[in-house]
K.L.:
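Here you go, one structure.
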Amino acid sequence: MTTTVHPESAARPAPWPDELAHARLHVVSGKGGTGKTTVAAALALALATGGKRVLLVEVEGRQGIAQVFDTAPLPYEERRIAVAAGGGEVRALAVDSEAALLEYFEMFYRLGMAGRTLRRMGAIEFATTLAPGLRDVLLTGKAKECVTRTEADGRPAYDAVVLDAPPTGRLVTFLDVTKAMADLAKVGPIHGQAEGVNQLIHSPLTAVHLVTLLSDLPVTETLDTIAELEQSDIATGTVVVNRMREQWLPDRSVTAAAGGRVDAARIRNGLQSAGIELAPAEIDGLVAETVEHAVAVAGETAALRRLDTEPDPPLPRLTLPNLLGGVDLGALYELAESMTAQGVHLEARR
C-alpha cells in the first residue's frame, strides 16, 4: 500500500526511537474525528507482535474498542480480544468509573457489600461530583495498576498497556489531575493512589502519542497539546499522522493543478494515445477531480511542513495510510503492519 510522498525535513528523528520501546504505558489521544481509537487498537496489535502481551484500555464509556474489533460490548474485566503476529495477544478492558471506585473501596477499605449499597444509594456519583478529579484518578489509577501488576512468578502481567485516552481538548487535565487530587487529599489511600499515578505519568515509562489528520485544525490542536504536555512535564512519544492519502500527481504538477491550471486537451490526448475515448463531460469530471486532489495534497503538504518545524526540534512521526474501504479487523492488522514496518516494537520485560 502506498502513501503520499510529501517533502520532509532531512533532520527528522526516527519514527519510533529506542526509548519508546521501553515505555510501558502508551497513552493515545487526538482531536475528535482523527481516529484515535483505531490508532490505539492498531498500536496495541503492533506492540504485541512477537509474543508480547498488551492490554488495551478505554476510559470514556463509548465501547469504542468493541466497535473497532467488531465484538460485543466489553464488561469491566480483562479479556483477550485479538492475536497479534508472532503469537502475541491483545487483551481489552473498558474501565467503568463506578466499578473502579467499588474496587478501590474494597481494596483499601474492605467495604465489600457496603460498597455495593453505596452504589445503589448514589453515593458514588455524589463522591465523584464532590471531587470531580476523583473520577479521572480512578481511571488512570486502574491503568497504573495494570502497568505495575505482576504474576505469581514476579514477572509483569503485561509487557505494555495502551490507553485510549480522552480527546486532546481535555487530555492534560485528565493526565495531570492527579496533582490536584494529591493536594486535596494530603494523607491516606487517595493521596497514595494519586501520587502513584502522578509518578508513573511523569516517568520515562509513559509516552503520549498524538493522532492528527493533515488539516489545519487537527494539526493546530496537536501542536497546542504538545506545548501543554511539555509545560506539565509529560513526555510526548510520537505524532501519528492518520489517513494519509496516496498522491497521484508528481510534485511539480501539484501547484499548477491546485490553482486550477489543468490542460484538458493534454488529458484527452493522453487517454486517446492509450486507446481510451471519453466524452467531453467525462473529461471535465477528470479535470475537476484532479484539481480537487491537488488542492487536498497542497493543504496536506502545508500541514506536514508545520509538523516538520513545530516544535523545534520536531517530534518522531508515524504515518498511516488512508484505507479507502473503511476500518475493519483486517484493516486494523494492515495498520499494525504499517507501524511495525516503521519500527514500532516493544522490549520484553524480564
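None of the values given here were measured: they were computed from a predicted structure.
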K.L.:
Would you check if the side chain of His345 reaches a backbone N or O of Gly343 as a donor-acceptor pair within less than 3.5 Å?
P.N.:
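It does hold such a pair.
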K.L.:
Is any side-chain heavy atom of Val162 less than 4.5 Å from a side-chain heavy atom of Leu55?
P.N.:
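No, too far: nothing below the 4.5 Å cut-off.
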K.L.:
Applying side chain to side chain contact (heavy atoms under 4.5 Å, CB included), name anything that partners Thr225, two or more places apart in sequence or on another chain.
P.N.:
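Scan of Thr225 (side chain to side chain contact (heavy atoms under 4.5 Å, CB included), adjacent residues dropped) gives Thr168, Leu171, Leu210, Glu221, Leu229.
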K.L.:
Do the non-hydrogen side-chain atoms of Ile234 and Glu228 ever get within less than 4.5 Å of each other?
P.N.:
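They are not in side-chain contact.
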K.L.:
May I ask you to decide if Pro156's main-chain N or O and Thr150's side chain share a donor-acceptor pair within less than 3.5 Å?
P.N.:
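No; zero donor-acceptor contacts below 3.5 Å.
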K.L.:
Would you list the pairs meeting salt bridge (charged side-chain N to carboxylate O under 4.0 Å, His left out) in which at least one residue belongs to residues 32-46, sequence neighbours left out?
P.N.:
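Salt bridge (charged side-chain N to carboxylate O under 4.0 Å, His left out) check on residues 32-46 returns Lys36-Glu60, Lys36-Asp164.
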K.L.:
Under the criterion side chain to side chain contact (heavy atoms under 4.5 Å, CB included), which of Gln63, Gln67, Arg62 is the partner of Thr37?
P.N.:
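So the option named by the test is Arg62.
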K.L.:
Going by the side chain to side chain contact (heavy atoms under 4.5 Å, CB included) test, name the single residue among Thr38, Val211, Val39 that passes it with Leu320.
P.N.:
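Exactly one option meets the side chain to side chain contact (heavy atoms under 4.5 Å, CB included) with Leu320, and it is Val39.
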K.L.:
Residues two or more places apart in sequence or in another chain: which of them pass salt bridge (Lys or Arg N to Asp or Glu O under 4.0 Å) with Arg306?
P.N.:
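Only Asp216, Glu310 meet the salt bridge (Lys or Arg N to Asp or Glu O under 4.0 Å) criterion with Arg306.
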K.L.:
Ignoring hydrogens and angles, tell me if any N or O in the side chain of Glu282 forms a donor-acceptor pair with the backbone of Ala279 under 3.5 Å.
P.N.:
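At least one qualifying donor-acceptor pair exists.
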K.L.:
Evaluate Arg24 against Asp159 for salt bridge (charged side-chain N to carboxylate O under 4.0 Å, His left out), listing each step before the verdict.
P.N.:
CA-CA 7 Å; Arg24 289 301 175 263; Asp159 294 292; 5.8 Å; no
K.L.:
Scan residues 44-56 for pairs that pass side chain to side chain donor-acceptor pair (under 3.5 Å), counting only residues two or more places apart or in two chains.
P.N.:
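Applying side chain to side chain donor-acceptor pair (under 3.5 Å) to every pair that reaches into residues 44-56, excluding sequence neighbours, yields Arg53-Glu89, Arg53-Glu151.
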K.L.:
State whether the side chain of Thr236 and the backbone N or O of Ile226 hold a donor-acceptor pair below 3.5 Å, judged by distance alone.
P.N.:
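Side chain of Thr236 to backbone of Ile226: no pair is present.
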K.L.:
Within the side chain of Gln342, is there an N or O that forms a donor-acceptor pair under 3.5 Å with the backbone of Thr319?
P.N.:
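Checking the backbone N and O of Thr319 against the side chain of Gln342, a donor-acceptor pair under 3.5 Å is found.
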K.L.:
With a 6.0 Å cut-off on ring centres, are Trp16 and His26 close enough?
P.N.:
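Ring centres of His26 and Trp16 closer than 6.0 Å.
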K.L.:
Not counting sequence neighbours, which residues clear salt bridge (Lys or Arg N to Asp or Glu O under 4.0 Å) with Arg149? List them please.
P.N.:
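With neighbours one apart ignored, the set is Glu78, Glu145.
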K.L.:
Under the rule for salt bridge (Lys or Arg N to Asp or Glu O under 4.0 Å), what residues qualify as partners of Asp224, not counting sequence neighbours?
P.N.:
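By the salt bridge (Lys or Arg N to Asp or Glu O under 4.0 Å) rule, Asp224 matches no residue at all.
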